[in-house]
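Labels below follow one simple rule: chain letters A, B, ... track the order of the sequence lines, proteins then strands, and each chain is numbered from 1. Note that these values count all heavy atoms, side chains included, but never hydrogens, waters or copies made by symmetry.
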Protein chains: 2
Amino acid sequence: MGITERKESDKEVMRKKILNSAMKLFLSEGYDKVSIRKIADAIEYSPATVYLYFKDKTAIFNALQKIAFDKFYDTLAECLKIKDAKKRLDEMGELYMKFAMENPEYYDLMFIMSAPIDREKETCFMDDRAFNLLSGTIEEVFKKKEIKNIDVEAATFLLWGFSHGFASLIIRKRLAMIPDEHLKGLFQKISRMLDKKFFQ
Amino acid sequence: MGITERKESDKEVMRKKILNSAMKLFLSEGYDKVSIRKIADAIEYSPATVYLYFKDKTAIFNALQKIAFDKFYDTLAECLKIKDAKKRLDEMGELYMKFAMENPEYYDLMFIMSAPIDREKETCFMDDRAFNLLSGTIEEVFKKKEIKNIDVEAATFLLWGFSHGFASLIIRKRLAMIPDEHLKGLFQKISRMLDKKFFQ
DNA sequence: TTCAATAAATAAACAGTGTTTAGTAACTAA
DNA sequence: TTAGTTACTAAACACTGTTTATTTATTGAA
C-alpha cells in the first residue's frame with residue numbers, strides 16, 4: 001500500500017514543519033508569547049490546520065519537550081568519552097551547566113515550565129537516560145574509591161538538585177544582580193567542594 | 001488635611017481589597033488562570049477600575065510577591081528561637097521545605113514564576129532578610145566549629161541551591177512518580193549527609 | 001471520463017484574555 | 001450654586017486557544 005504510506009509520511013512532514021516553526025518561535029520569543037496563529041502564519045497555513053496535526057498546544061509542547069530531552073542527553077553523553085569515572089563526573093557537571101546556560105529555553109521546557117498536567121501517568125520527569133548516566137557514574141566512583149557509607153540515590157539527587165537549583169535560579173533571573181562571571185566561579189567552587197567531601 | 005488623608009487611606013483599602021482577592025484566586029487557581037476580569041468580579045467592580053490602582057497585571061504580581069516574601073521570612077525566622085547555630089541550621093532546612101510544600105503558589109511566586117522582566121534594577125531575588133538569615137547562621141556554625149577552609153558564600157549557595165532545586169522539581173511535578181514519603185526521607189537523608197560533611 | 005467518497009484546508013465564530021478610551025456620575029472646594 | 005476633580009464603568013481594541021461548518025482538492029471505482 002504505497003499510497004497510504006506516502007500519506008503517512010506526508011503527515012509526518014507536516015508535523016515536523018509545525019514543530020520546527022514552533023521550536024524556532026519558542027527559542028526566540030518564549031513559550032507564552034507563541035500563539036497557534038503565529039505558528040500557522042510561519043508555516044503559511046490557517047490556525048485550524050495546526051489542530052489537524054496536534055490535539056492542542058500542550059501536544060506541541062510535549063513533542064518539543066521530547067526533542068529537548070534528546071538534545072540534552074546527546075550533550076551530556078559527550079562525557080562518555082572520558083574513561084575515568086571521577087573526571088567524567090566533573091565533566092557532567094560542567095556540561096549540565098553549559099547546556100542550561102546556552103539553551104535556557106530547552107532547559108525551561110524540560111524542568112521548569114509548568115506543562116498542563118494532562119499527563120499524570122507518563123514517565124516525564126528527568127529523562128531516564130540522563131538520570132541513569134549520572135547515577136551510574138556516581139556508582140562507579142563509589143565502587144572505585146570503595147565508598148560504602150553513602151547512598152547512590154541520595155548523592156545523585158544532591159548533585160542534580162543543586163545543579164538544577166542553581167541553573168533554574170539563574171534562568172528565572174533570581175540571581176540577576178550577581179555578575180555571570182562570579183556565578184560561574186561560584187558553581188565551580190561548590191562543585192569542587194562537593195567533589196572533595198563526597199568523592200575522594 | 002483630613003480629607004486627602006482619608007482619600008489616601010481609602011485608596012489603600014481598595015488596593016488591599018484587590019490584592020486580597022488576587023491572592024485568594026492565585027492560591028486556588030494559579031497565576032495564569034486568574035484574569036483581571038475575575039479579580040474585578042470578586043471585588044464587584046469593573047475590570048477598568050483595577051487599572052486605577054495597579055498599572056497592570058505585573059504590578060499586582062509584584063505586590064503579591066512582596067507579601068509572599070514577608071510570609072516566607074516570618075516562617076524561616078521561627079528558627080531564631082533556637083540558640084544553637086547547628087540545630088538552627090537544621091531547622092531552617094526543614095522550615096524551608098515545609099514552606100515550599102505547604103505554600104507552593106507562594107514559592108512559585110517568589111522563585112520560579114517568570115515575572116515579566118520590567119524590574120532589571122530592583123533587588124528582587126531571594127529576599128535579603130532570608131538570605132542573610134541563612135548565611136549568618138552558616139557563618140556562626142563555621143566560627144564555632146572553627147571551620148576555616150570553606151567559603152561561607154559557597155556553603156550558602158550550596159544549601160539554598162540544593163533546597164531550591166529539590167523543592168522546585170517537586171512543585172513543577174518533575175518528580176511526580178516518586179511518592180511524597182520517599183521524597184521527604186530523601187531530603188532529610190541528604191540534609192544529614194551535607195551536615196556531616198560540611199558542618200562538623 | 002465521470003462521479004461519489006474521502007481527505008485536507010480554511011473562514012468564521014465562540015469564549016476568553018490584558019489593556020485603553022471615552023464618557024458618566026458623584027463628590028469637593030470656592 | 002457652580003466649576004473642577006475624582007471614581008467608576010461600558011464599550012472597544014487587539015489579541016488568545018479552540019471548534020464548527022463549509023469549501024476545495026484528491027482519490028478509487030464504475
Side-chain angles (χ1 to χ4, degrees), chain A residues 1-19 21-23 25-26 28-65 109 113-119, chain B residues 1-19 21-23 25-26 28-65 109 113-119:
Chain A
M1 285 291 165
I3 288 167
T4 52
E5 270 171 32
R6 202 218 60 220
K7 287 209 173 174
E8 271 307 304
S9 102
D10 276 7
K11 217 159 178 146
E12 207 39 54
V13 167
M14 189 67 161
R15 279 179 62 88
K16 284 205 173 120
K17 215 168 159 166
I18 292 170
L19 287 177
S21 290
M23 187 62 103
L25 287 167
F26 283 144
S28 62
E29 304 189 30
Y31 182 84
D32 287 341
K33 285 185 178 169
V34 176
S35 65
I36 302 290
R37 280 172 180 81
K38 280 183 191 166
I39 295 169
D41 271 9
I43 59 170
E44 297 179 302
Y45 281 84
S46 81
T49 299
V50 175
Y51 286 88
L52 299 176
Y53 296 90
F54 292 94
K55 190 182 146 286
D56 51 29
K57 205 186 175 185
T58 306
I60 299 177
F61 170 87
N62 287 331
L64 289 178
Q65 198 183 42
L109 219 58
M113 229 172 244
S114 43
I117 324 147
D118 291 358
R119 8 171 168 165
Chain B
M1 285 287 166
I3 289 168
T4 53
E5 271 172 34
R6 201 218 58 220
K7 288 209 173 176
E8 271 307 303
S9 102
D10 276 6
K11 220 164 173 139
E12 206 40 54
V13 167
M14 189 67 160
R15 279 179 61 88
K16 284 205 174 122
K17 217 169 158 164
I18 291 169
L19 287 177
S21 291
M23 187 63 104
L25 287 167
F26 283 145
S28 61
E29 305 189 30
Y31 183 82
D32 287 340
K33 284 184 179 170
V34 177
S35 66
I36 302 289
R37 280 172 180 81
K38 280 182 191 166
I39 295 169
D41 270 9
I43 59 170
E44 296 179 304
Y45 282 84
S46 80
T49 300
V50 175
Y51 286 88
L52 299 175
Y53 297 89
F54 292 94
K55 189 182 146 287
D56 51 27
K57 204 186 175 186
T58 306
I60 299 177
F61 171 87
N62 286 331
L64 288 177
Q65 198 183 41
L109 220 58
M113 229 173 246
S114 42
I117 324 148
D118 290 359
R119 7 171 168 163

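Considering only the side chain of A/A48, D/dT19 comes nearest among C/dT19, D/dT18, D/dT19.
Within the 4.5 Å cutoff, no side-chain heavy atoms of A/I43 are placed close to those of A/T49. No side-chain heavy atom of A/V50 sits under 4.5 Å from any side-chain heavy atom of A/Y45.
Partners of A/K38 under the salt bridge (Lys or Arg N to Asp or Glu O under 4.0 Å) rule, at least two apart in sequence or in another chain, are A/E29. In terms of the side-chain contact (heavy atoms from CB on, under 4.5 Å) criterion, residue partners of B/A48 (sequence neighbours excluded) are, by chain and number, B/S46. For A/K17, the salt bridge (Lys or Arg N to Asp or Glu O under 4.0 Å) criterion is met by no residue, not counting sequence neighbours. Looking at residues two or more places apart in sequence or on another chain, you find a ring pair (Phe, Tyr, Trp, His ring centres under 6.0 Å) between B/F26 and B/Y31.
Rounded to whole angstrom, the span from the OH atom of A/Y53 across to the P atom of D/dT18 amounts to 18 Å. When the P atom of D/dA12 is taken as reference, atom CZ of B/R37 falls 13 Å away, rounded to whole Å. Atom-to-atom, CD1 of B/I60 to C1' of C/dG18 comes out at 11 Å; the value is rounded to the nearest Å.
Residue contacts for B/V34: at a heavy-atom cut-off of 4.0 Å it reaches the sugar-phosphate backbone alone, with no base atom in range.
For DNA chain C, the residues of residues 38-47 of chain A within the heavy-atom distance limit of 4.0 Å (strictly under) are A/Y45, A/S46, sorted by number.
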